[in-house]
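Numbered from 1 within each chain, the chains take letters A, B, ... in sequence-line order.
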Amino acid sequence: MGISDVIPVPVAVDEELEKWTIWGRPLTDVWFTTTEKIHEIIDMGPIKNVLNWGRKNSLWFLMQPMGCCGVEMLVFGCPHYDCDRFGIFPRATPRQVDVMIISGYITRKYLPAIKDLWEEMPEPKWVMAIGECAISGGPFYDSYNIINNTDRFFPIDVYVPGCPPRPEKFIEGFRALQEKIKQRKDKRGY
Amino acid sequence: MKTANDVLSALQSAFPGVIEEAKVAPERQLWATVKPERIVEVCKYLRDNHGFDHYSGAVGVDRIDEGLFEVTELLASHGAHKVVALLKVKTPRANPRVKSLTGLYWNANWYEREIWEMLGIDFEGHPELYPLLLPDELVGAWPWRKDFKGYPDVTTGERAIETITPDGYTKYHIPPTQAEIEAGTVPAQRPKYPTFREREEMEIKETSEMILHLGPQHALVPGPFLLDILVDGERVRKAFLDVGYIHKGIEKIMENRTYVQGIPITDRLCYMAALTNNEAYCGAVERLLGIEPPERAQYIRVITQELSRIQSHLLGTAEFLTLIASPVYSPFLYMIIDREDVISCIESVTGARINHSFVRFGGVRNDLPDGFKDMTLDALKMVREKTEEYKELFLSDSIYKRRMEGIGVLSPSEARRLGVSGPPLRASDTPYDMRREDPYLLYKDLDFDVITRKEGDSKARIEVRLDEIIESCYIVEQCLDQIPSGPIMADKVPKRIRPDPGEAYYRVEDHRGEMGFFVVSDGTDKPVKVKARGPVYAYFQALPPLLEGVYIADVVAIAGSMDACTSEVDR
Ligand code: SF4
C-alpha cells in the first residue's frame, strides 16, 4: 500500500517515499501498519531504550501481602521508606501494576489464584520473589502444602533473600530490577 | 470465687465413674479424662451449672503407640471464675469417633472441622464436616497423623501439573508421591462432600440474588482469604468464608523440629504478634520443664510485648482506615510513621523488625541495650500524643461517626456465644483479658485498666484499640521504672530441652485476643503435638453471622474492624 491509495498525492511523491526507510524497513510500513509492526521496529531501535527508561522509573507494584514479608512490603510502600522517590508505588489491583511481588509462601490452594493475578496484569510486567519462602520455601520448605520452586511458575527477575528482608532490601531489589530493565536483560525481554 | 478443686469435686459427685485421671495443675487448670459417651453431658453440666460458657478450642493428639486419638476440649468462663477445664476424650485409632459439641457451643464448629480434616476423627452430630484449611486433593490423607507419608515433602511444586480450563483459568493438580502410593496412605476413597462453590450456590434461592467475591487477594489485608457474600440487592443475605490459602502446616512442622527450633516457627504464626506467640509457646514449655524466668527477664518480656502490642494496634487501625475509605488515607500513613519509631525500639532489643525469635525457655535472648529507656520514653511520648490526635482526627469526625456507629453490633451475649476474644469482645462490654484472667509474667503486679466499651460496634472496636495503645504505653513506662538488674536467664535451663512426659497449656493476651499453646511432650527432644489456639481463628468464624443482613458497603467496615491476620488462621 502506498500513500496515493489513501490521499491524492502525485505518484512521484509516492514513489519517492517508498524508497525511504527507517532502520532498514520501508517507511510506508510504519505509516500503514499494525501495532505488532510498530513494536518490531521499536524493538530494533534505540527508541526502546527511551521506553524502558520510562518503564523503569515507574514501577507500580501489586499490594498483595501473603506472609510476614507482606507486612514489610506494606511498610516499604509508606512514607518512612518512601519508595515513591524511585517511581515505585503500591497499587491494590492487578490491572494497574507492572510488578508483582511474591511476598510469602505459595501453597497448593493459593497457586492457581496467584497465577490468575499474574495473568490479569497488563504487559509489560515483571515479578520479584521476596523472602526465603518465595525463593525456596523458607522455614516451611518441607511442609506438605508449600510450593518451593516458585521459579517454575513465574519468570522471576529478582530474588531478594531474607526472612524477612528489611524494607531497604526491597529498595535494593527494585534497583536491581531497574538495572535489568535498563540493560534489557529481564526474563521476558522487554 | 470458684477454684478448680471445687469444680472437680462437683464433677466427681455429679458423674461418678465418668471422670478419670483428674488433676489440678497448675492451680487454675483442671485436667480430666472423660468417658467418650458422656462428654456432651459433662460439658452441658459444666456450662449450665458452673459458668463454663467459653469454648476455647479443641486439640487432637495422635498417640500412635497406644493406638489412640485424644481430643482435648478447652473450656473456660467469661468472668464467672478463672478455671480452665481441659477435658480429654480418647478414641481408638481404628475407628475414631467423638461426639460433637456443636450443639452446646456454636463455635466448636471450626475446631472440630479442623481436627476432622487433619486427623480423620469423625465428629458425630457435626452439621457440616467439610474441609476448612486443606486443598481438596489432601482431604482424606489426614496429614497430621503420625504415619502420614507425605511429610516431609520437598517436591510439591515439581509435581504440579498445570491445566488450562476452557474459560481460561489456570488449574493445578498435584498427584500423590510414590511413597504415598506404596504405603497406601493415599485415600482410596475420598470423603464425599460438596465443594465450597457448590455449597454457596445451594443457598441461592431467588433470581435476584447473586454471589460477590471479595478475595482471595484483597488490598491491605495481610494475607489472602476468600469472603463470598450472597447479596440480594444491597443487602448481604449470607456470607461464606474460605480460608486455608496460606496453610503451611505449622503444627506438623513443629512436631518435627526440636523445642528450640520451634521458636522461630511460632514467630511466623502471626507476624504481627511474634513476641506474644513466642511467649505463649515458651511459657507452655517452661511449664513442662518447671522453670521460671528471672525477674529481669520477665520485665523485658513485658516491655517488648507491650511495645509490640502498640505497633500491632497501630497497623491494625491503619489498615482499617484505608479499608473504609480512602479520604482517611493520611492517618494510615501517619500511623505507619509512628509505628516505625516503636519498631526501632523493639529492634534495638531483639535485632529484628518483625519475627524476633526473642523469648527463650527460662528467659530472653539478650538484655536491653544502653539508652533503651530514653529512646523508648521518647517514642512513647510521641505515640501517646499522636494517639490523642488521631482520636480527635477521626473518632470525633461526624462523617466517620455516621459511617461507623451501629455497624456490626455484637451484643455482649452474642460476642460470648461466637467465642471472640480480645478487643472485639471488650468492645462488647466484657472485660475479658488474659492479663487479668490468667495472669502470666508480672501482670498481676502491674497497674493497668482493661479497656471496655458498651456499644459493641465497629467504632467501639477501634476505640478500644486506640485506648489500649495508651494503656500499653503506661505499662511500659511502669516497667521501665521498676526494672531490676539481674540475670536474664534462669539458672537451671538444660542444654538440651527434653521435658518430662506431660501436657501443658498456657494462655497469653495476644494483641488480638486469647492466644494459647498446648504442648504435649513424651520425654524426647521433639514435641508430640503443639497446638496454637489463636484469636483470629475465632474472629473469622464469627464473621459470617456478623455480616448477615448488612449493606455491602459495610462489609469491609465490619471485617476490617476485626483486625484479622490470615496467617494465624491458616497456620
Ligand atoms: S521469608 Fe520468612 S518472613 Fe518472609 S514470608 Fe517467609 S517466613 Fe515469613
**Request:** Answer yes if the side chains of B:N278 and B:D267 hold a donor-acceptor pair under 3.5 Å, and no otherwise.
**Result:**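 Their side chains do contain a donor-acceptor pair, which is all the 3.5 Å distance test asks for.
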**Request:** Using only heavy-atom distances, determine whether the side chains of B:S312 and B:H511 contain a donor-acceptor pair under 3.5 Å.
**Result:**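 Side-chain D/A pair, B:S312 to B:H511: absent.
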**Closest-packed option against chain A by number of heavy-atom pairs under 4.5 Å, given B:L226, B:I250, B:N355, B:L133** =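 When all of B:L226, B:I250, B:N355, B:L133 are compared, B:N355 has the most.
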**Prompt:** CD1 of B:I354 to CD1 of B:I343: how many Å apart, nearest 0.5 Å?
**Reply:**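 Between B:I354 CD1 and B:I343 CD1, I get 7.5 Å after rounding to 0.5 Å.
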Pick one of side chain, backbone, both or neither for [X], based on which atoms fall under 4.5 Å of a heavy atom in chain A.
{"X": "B:I265", "result": "side chain"}
{"X": "B:D338", "result": "neither"}
{"X": "B:K252", "result": "side chain"}

Counting only pairs under 3.5 Å, give me each side-chain donor-acceptor contact of residues 160-175 of chain A, with atom names and distances, residues two or more places apart or in other chains.
{"unit_1": "A:R166", "atom_1": "NE", "unit_2": "A:E168", "atom_2": "OE1", "d": "3.2"}
{"unit_1": "A:R166", "atom_1": "NH1", "unit_2": "B:E347", "atom_2": "OE2", "d": "2.5"}
{"unit_1": "A:R175", "atom_1": "NH1", "unit_2": "A:Q178", "atom_2": "OE1", "d": "3.3"}

**Item:** Pairs where residues 78-97 of chain A contributes a residue and the test ring-ring contact (aromatic ring centres under 6.0 Å, His included) is met, not counting sequence neighbours
**Value:**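 Only A:W60-A:F89 qualify under ring-ring contact (aromatic ring centres under 6.0 Å, His included).
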**Part of A:I106 within contact of chain B (heavy atom distance under 4.5 Å)** =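 A:I106 has no heavy atom closer than 4.5 Å to chain B.
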